[in-house]
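To keep things clear, I will list the structure first and then write my remarks on it.
Source: prediction; values computed, not measured. Convention: sequence-line order gives letters A, B, ...; per-chain numbering from 1. Worth knowing before you read on, the calculation uses all heavy atoms, side chains too, and leaves out hydrogens, waters and symmetry mates.
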Amino acid sequence: MKKVLFAVYQSPVGSIWVNEVFRCVFGMYAEDIEPAVLLVRDAVIALNKETKPEHLGLLPLSTTFKYIERYETKVYAVKECLDWRKINEEDIDPRWHAELISEKDLPKLLHEYDTVLWF
Amino acid sequence: MKKVLFAVYQSPVGSIWVNEVFRCVFGMYAEDIEPAVLLVRDAVIALNKETKPEHLGLLPLSTTFKYIERYETKVYAVKECLDWRKINEEDIDPRWHAELISEKDLPKLLHEYDTVLWF
Amino acid sequence: MSLIMVKFSPNGKMLNSLLFDAAMAGDDLLLIQDGVFYAVAKPELLDELKERGVNVYACKDDLIARGYDPSTVNANVVDYEGIVDLIEKNPKIIS
Amino acid sequence: MSLIMVKFSPNGKMLNSLLFDAAMAGDDLLLIQDGVFYAVAKPELLDELKERGVNVYACKDDLIARGYDPSTVNANVVDYEGIVDLIEKNPKIIS
Amino acid sequence: MHIVLQVINPPYSYEDMDSAIKIADAALKKGHKVSIFLFADSVLSVNTKVKPIRIDRNIPNLLKDLADRGAEIHICGLCFEYRGLDIEAATPGAELSGVPEMATLLATADRYVNFAV
Amino acid sequence: MHIVLQVINPPYSYEDMDSAIKIADAALKKGHKVSIFLFADSVLSVNTKVKPIRIDRNIPNLLKDLADRGAEIHICGLCFEYRGLDIEAATPGAELSGVPEMATLLATADRYVNFAV
């Protein structure tokens with residue numbers, strides 16, 4: 001089984017990459033792949049309950065929730081990046097089922113995957 | 001007469017913006033406009049005689065020279081950015097007719113123009 | 001004076017530092033798109049700009065869409081009509 | 001071990017610092033496109049990577065096109081065939 | 001006042017076209033003349049053949065609405081050819097322009113706002 | 001060995017498509033199987049209607065050359081529709097694919113190289 005990490009570092013509002021990455025990830029389950037998503041830098045604001053790209057007429061993020069629950073998709077986010085953007089644990093929408101990791105654990109995490117794709 | 005500065009901060013090899021900016025600038029002379037070009041950060045490597053996007057099959061930079069001479073187009077480049085990229089004055093192709101300025105003079109330069117367009 | 005538009009995140013492209021360094025007393029500096037992260041996470045930079053006499057504005061709808069309460073940020077908040085006011089006010093634009 | 005590909009300039013997008021921090025002993029790190037500026041202007045960063053046991057490579061043709069002599073840079077220089085060798089050698093890729 | 005908004009980045013991938021449309025809308029409501037200059041990859045914004053998913057915005061339609069309200073939509077012609085797009089499929093009201101029209105807008109408009117790339 | 005190269009950025013504006021073509025060429029010369037996956041704005045690369053200026057490269061033709069030498073060219077179908085492009089005008093040999101094909105390539109190919117955006 002191939003392990004594939006879709007890693008996003010760009011903002012989920014103002015760039016399409018968080019949406020596109022989840023669209024890709026949900027298609028991975030048709031194959032012998034264990035996918036995961038990593039949110040780092042500006043991408044972590046996706047987790048905030050109050051983040052709403054649809055306020056600008058952009059594609060919403062909330063359409064991902066039912067698939068994350070259906071597939072039990074692993075979503076990692078970096079704690080320090082949340083702190084820097086003033087996002088507390090209670091601000092995080094539980095439907096992401098996100099696991100917070102420390103930035104110092106990133107090198108090990110990235111090396112656990114066969115393929116890491118950055119967006 | 002409107003003063004318009006086309007300012008490029010991205011690499012002339014690997015992005016098309018230096019080429020596009022010169023294409024725009026040479027079209028400005030049809031109107032009552034005084035255009036100029038500013039090269040800063042990675043864009044300054046355009047000045048190096050040895051820089052050749054055509055080595056990768058990309059559009060060359062040398063096609064600009066005859067128009068720079070015809071129109072006497074003002075080209076500024078930031079000295080510190082050249083130094084950081086190991087480009088000495090003798091490396092600079094004289095056909096750019098570039099005027100080297102210090103980074104500390106940038107705020108004043110940018111404020112001299114009615115419109116500054118960043119690429 | 002000039003209107004300076006900052007649209008990249010502090011974690012985005014490196015154009016921003018050139019724009020912040022360029023801002024002079026009397027300039028209006030507009031944080032838009034991912035530029036609004038400065039209004040949330042870089043208060044000391046914005047304070048320094050204000051001390052220099054630069055007026056700092058942030059796009060309200062870009063803040064809201066990114067999950068931030070516009071009433072809590074370290075900048076004057078403007079909607080799109082307010083952005084047009086800034087464009088009207090400033091004959092010179094750096095963007 | 002992993003092949004890590006760095007394609008942005010030190011003045012480009014902020015992905016690079018994540019990639020440099022991620023590199024571990026035995027990894028191959030390839031500087032390509034504007035990433036080759038590191039081989040010219042950031043020798044101390046590349047020395048630190050090498051001390052950590054990371055093998056640093058730079059794309060020969062990207063250096064030449066940007067005006068740099070490949071024989072003078074602080075990295076192993078590879079042509080496109082050499083890049084394919086690195087891809088073959090590393091079962092894991094971070095890019 | 002005549003306000004020009006220039007976009008360079010591709011639509012849908014980034015926010016520039018959306019920001020420009022919102023500022024154009026506000027400027028038209030305030031009674032200004034508005035021109036939009038589409039440069040480089042932003043020329044994709046006028047392609048009416050786009051098929052966004054149902055819940056997404058249709059950017060060529062949003063531009064048509066601005067054009068109907070009097071906004072000029074200029075397409076950089078060489079940029080359009082470089083992307084192999086078809087002028088027959090462009091948003092009604094959008095016109096093939098180029099550097100000469102950019103120069104005229106820079107010379108004659110009151111304000112020229114660029115979305116940096 | 002089967003090597004996949006994935007591109008996201010638009011051609012002509014940035015270097016990714018050129019780098020991918022050069023690596024694909026070198027991999028084919030070494031006897032590898034090569035697939036190129038075009039995602040997001042990179043799908044513009046297969047539009048044969050592009051009209052680059054005379055001294056510039058023709059990227060759809062360079063892709064056709066790779067396809068003629070056995071490379072698979074996959075186009076993300078939804079990305080193609082979002083840009084309103086016409087499959088009839090795509091480089092011969094390029095095929096409409098999507099996330100299912102991306103998954104198959106990730107599962108079965110030996111290497112998957114991405115050009116980060």
task = Would you check if there is a donor-acceptor pair between the side chains of His2(E) and Thr108(E) at a distance under 3.5 Å?
result = no

query = Charged N to carboxylate O below 4.0 Å: is that the case for Lys49(E) and Glu81(F)?
reply = no

inquiry  = Salt bridge check, Asp25(F) against Arg69(F): does any charged N sit closer than 4.0 Å to a carboxylate O?
reply    = yes

message = Let's test your reading of the structure: which of Ala40(E), Pro52(E), Ser13(E), Pro60(E) forms the most heavy-atom pairs below 4.5 Å with chain F?
response = Pro52(E)

task = Flag the pair Asp16(E) / Ile8(E) as yes when at least one side-chain heavy-atom distance between them is below 4.5 Å, and no otherwise.
result = no

Toward chain E, the part of Tyr12(F) with a non-hydrogen atom under 4.5 Å = side chain

Check ion pair Arg57(F)-Asp18(F) (N to O, under 4.0 angstrom) = yes

Closest-packed option against chain F by number of heavy-atom pairs under 4.5 Å, given Leu85(E), Thr48(E), Val117(E), Ile53(E) = Ile53(E)

key: chain F contact via Leu78(E) - side chain, backbone, both or neither, heavy atoms under 4.5 Å   = side chain

request  = Would you mind telling me which of Ala89(F), Ser45(F), Gly84(F) has the largest number of heavy-atom pairs within less than 4.5 Å of chain E?
outcome  = Gly84(F)

